[in-house]
Structures are given as structure tokens and as C-alpha cells.
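Have a look at the structure below before the remarks.
Numbers here simply count residues along the sequence, with the first being 1.
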Amino acid sequence: YVAGKERPKKGRGGGRLWGGGRLWVRRALSFNPRVQVHRKEVRILLCGQKSFGRSILKLLLRRGDDVAAVCCPGGNDKLNSLRWGEGLPWIESGALSARACPPGLDLIIAAHSHDFIGKKTRAKARLGAVGYHPSLLPLHRGRDAIRWAIKMGDKVTGGSVYWLSNTVDGGHVGAQDWCFIRPDDDPLSLWIRELAPMGERLFGKTLEQLDRGVCVRKAQDPSLATWEPSMEGQPIHRPDLEALPMHAGAHDLYYEAEA
């Protein structure tokens, strides 16, 4: 419960009301059917694309958050279609910068976004920026985490909501969950069945914690960190992590000492 500057006043049903700016909370017994909690809207910039970006925008709209703008590709992108239908301001993918950010942001959310969200841009939001990575960070940092988890024969993987930093996929973790990888899984089936719904749940959990004034930031253990190169395009050279060990039966895979 959050107490405002005013002294508590007695409310109906034996509860108490606290006034603090735009946030009002009623404290009452859990079995009281009349209990109501009114929270301050969080002003959010959403960066993303495709189905996952759309699902996170739907989550924010259900919560009643103030979506200040959406950064996404144009055209028929699924996130852009929903944004357009809701009449939300648009920042085209690739054009995100500190100067392009709307004023008064509380949080930036990256949901399947390939835009680089730099330090100056993150500083435009009171709380910073969070993203979702489909692995149990610090394991499998890098763009193709799902593909590498399957290629390397992992039996368990997961997802992590983490606070963006200057280290790629290396920021403090806010929430995590895990799942099994089935023998017949491919990257798409694992994403659709487990990792995409998990990402939505973890974003929801993180936002609920922020509603209560709780901000979880757990540092990643660098001794456990691994990084795999992208399977498409040029890998990012990251000399601060050791190369991944070769797994039996995985001689056809390509490893580099990257982070």
C-alpha cells in the first residue's frame, strides 16, 4: 500500500483512504467485495513489432496505461495496425532517439524491437527501459537465443524481462520463468507455445510490481554468461565472454568468443 502526504481518513467498510497526488489506495480486508484500488497511470513508450509487440500493446491497453507513442515498422505490421486503430502516435522503426521521445515518460518497453535504445534515450524515461529476451539470462545472450538453445540440445530454457543497459542483453533481470524444450520443438513452435505467452506474463508481472512501488533489478552473474553469434548477418564482436564449449554431436555449429 502506498501512503500519500495526507493523514489517513476513515472510509466505508472499515477501510482507510490515503490521498497522494493522483494515486488513491483503499486498505480493507481481502474478503471485502467493495475493495477498490485506483493506481496512477504509467506513461509508456512501446517499441516493438509483429504479433508479440501487438500482444504487449493489448496488455497496456487492458491495464489502462498511458501509451505515449509506439515505435514500430509501418505498413501491415501487426503492432502498427493496432496502433493505428487506437489512434496512438507513431515513431517509425529506425528513427528512435532521445529527441524523438515524447515528454514525461515513466518507462520504455522493448517488445521484439530491433531498434537500439541508447543511454540518452533510456534516460528520457523516469524508470528506464525494459525488454524481453527468450532465454534464462545470462545464458544465450544474442539475437538467435531460441535457435541456439534447440541446436545445442538444451532441455530447459525460459524468458527474462531485464533492464536495458549498455551491455547487450546484459542488464539487471526483473523477472524470469522457465519451460521445457520438447524433442520435436522448432524455434517457431517453442516461441508460440511457451516463450511468447511467457513474455507477456513477465511484462505483466513487472508492471504490477511497479504499480506497488517495487522495482526488481537482479544483476546477472557474468561467470555464467554465454553469447552466440547471429545465424543470419554479421555477429557482434564481444571479447569479454569466453567461447561456448563444443557439445557432443554439435560439430556443425559455429562458435566465437563473443558476448
**Ile91 versus Ala69, closest heavy-atom pair with distance** = CD1-CB, 4.3 Å
**Closest contact, heavy atoms only, Ala98 versus Lys124** = O-CE, 3.5 Å
**Asked** Got a donor-acceptor contact below 3.5 angstrom from the Trp148 side chain to the Pro229 backbone?
**Response** yes
Please list every donor-acceptor pair under 3.5 Å in which a side-chain atom of residues 193-203 meets a protein atom from a residue at least two apart or in another chain.
from	atom 1	to	atom 2	distance (Å)
Arg193	NH1	Asp185	OD1	2.8
Arg193	NH2	Asp185	OD2	2.9
Glu200	OE2	Arg62	NH2	3.0

**Message:** If I compare all heavy atoms of Gln209 with all of Gly174, which pair ends up nearest, and what's the gap?
**Reply:** OE1-O, 4.1 Å
**Request:** Output yes when a side-chain donor or acceptor of Gln220 lies under 3.5 Å from a complementary backbone atom of Asp169, and no otherwise.
**Result:** yes
**Message:** With a 4.5 Å cut-off on side-chain heavy atoms, are Gln176 and Lys218 touching?
**Reply:** no
**Message:** To the closest 0.5 Å, what do you measure between CG (Leu79) and SG (Cys47)?
**Reply:** 9.5 Å
**Request:** Considering only NZ, NE, NH1 and NH2 on the basic side and carboxylate oxygens on the acidic side, decide whether Arg182 and Asp184 come within less than 4.0 Å.
**Result:** no
**Prompt:** According to the interplanar angle, ranging from 0 to 90°, do the rings of Phe52 and Trp191 count as parallel (below 30°), tilted (30 to 60°) or perpendicular (above 60°)?
**Reply:** perpendicular
**Asked** Is there side-chain contact between Ile109 and Leu60, with at least one heavy-atom pair below 4.5 Å?
**Response** yes
**Prompt:** Is there a side-chain contact between Glu86 and Val70 (heavy atoms, below 4.5 Å)?
**Reply:** no
**Asked** Are Arg63 and Asp211 close enough for a salt bridge, meaning some N to O gap below 4.0 Å?
**Response** yes
**Prompt:** Under a 4.5 Å side-chain heavy-atom rule over Ile, Leu, Val, Met, Phe, Trp and Tyr, are Met152 and Leu136 clustered together?
**Reply:** no
**Prompt:** Considering only heavy atoms from C-beta outward, does the side chain of Leu210 approach that of Leu127 to under 4.5 Å?
**Reply:** yes
**Prompt:** Got a sec, which pairs hit salt bridge (Lys or Arg N to Asp or Glu O under 4.0 Å) with one end in residues 75-84, sequence neighbours left out?
**Reply:** none
**Prompt:** Heavy-atom count around Arg143 CZ within 6.0 Å, excluding the residue itself: above 12?
**Reply:** no
**Prompt:** Does one hydrophobic cluster hold both Val42 and Val67, with members joined at side-chain heavy-atom distances below 4.5 Å?
**Reply:** yes
**Item:** Donor-acceptor contact below 3.5 Å, side chain Thr157 vs main chain Ser135
**Value:** no
**Asked** Is the number of heavy atoms from other residues, nucleotides or ligands within 6.0 Å of CG (Asp221) greater than 12?
**Response** yes
**Prompt:** Tell me, do Leu82 and Lys58 make a side-chain contact under 4.5 Å, heavy atoms counted?
**Reply:** yes
**Request:** With the side chain counted from C-beta on, respond yes when Leu207 and Leu59 share a heavy-atom pair under 4.5 Å apart, and no when they do not.
**Result:** yes
**Request:** May I have all residue pairs that pass salt bridge (Lys or Arg N to Asp or Glu O under 4.0 Å) and include part of residues 97-120, sequence neighbours excluded?
**Result:** Asp106-Arg126
**Asked** Got Leu45 and Leu96 here, is their nearest side-chain heavy-atom distance under 4.5 Å?
**Response** yes
**Asked** Is there a side-chain contact between Leu190 and Cys179 (heavy atoms, below 4.5 Å)?
**Response** yes
**Request:** Could you tell me whether the side chain of Trp90 and the main chain of Trp84 form a donor-acceptor pair under 3.5 Å?
**Result:** no
**Asked** Counting only N and O atoms by type, is there a donor-acceptor contact under 3.5 Å from the side chain of His133 to the main-chain atoms of His140?
**Response** yes
**Message:** If we ignore hydrogens and angles and just use 3.5 Å, is the side chain of Arg147 paired with the main-chain N or O of Pro187 as donor and acceptor?
**Reply:** no
**Request:** Identify the heavy atoms of Ser93 and Pro73 that sit nearest to each other, and give their distance.
**Result:** OG-N, 3.0 Å
**Heavy-atom donor-acceptor pair, Gln49 side chain to His112 backbone, under 3.5 Å** = yes
**Prompt:** Can you tell me how far CG of Leu57 sits from CG of Leu46, rounded to the nearest 0.5 angstrom?
**Reply:** 6.0 Å
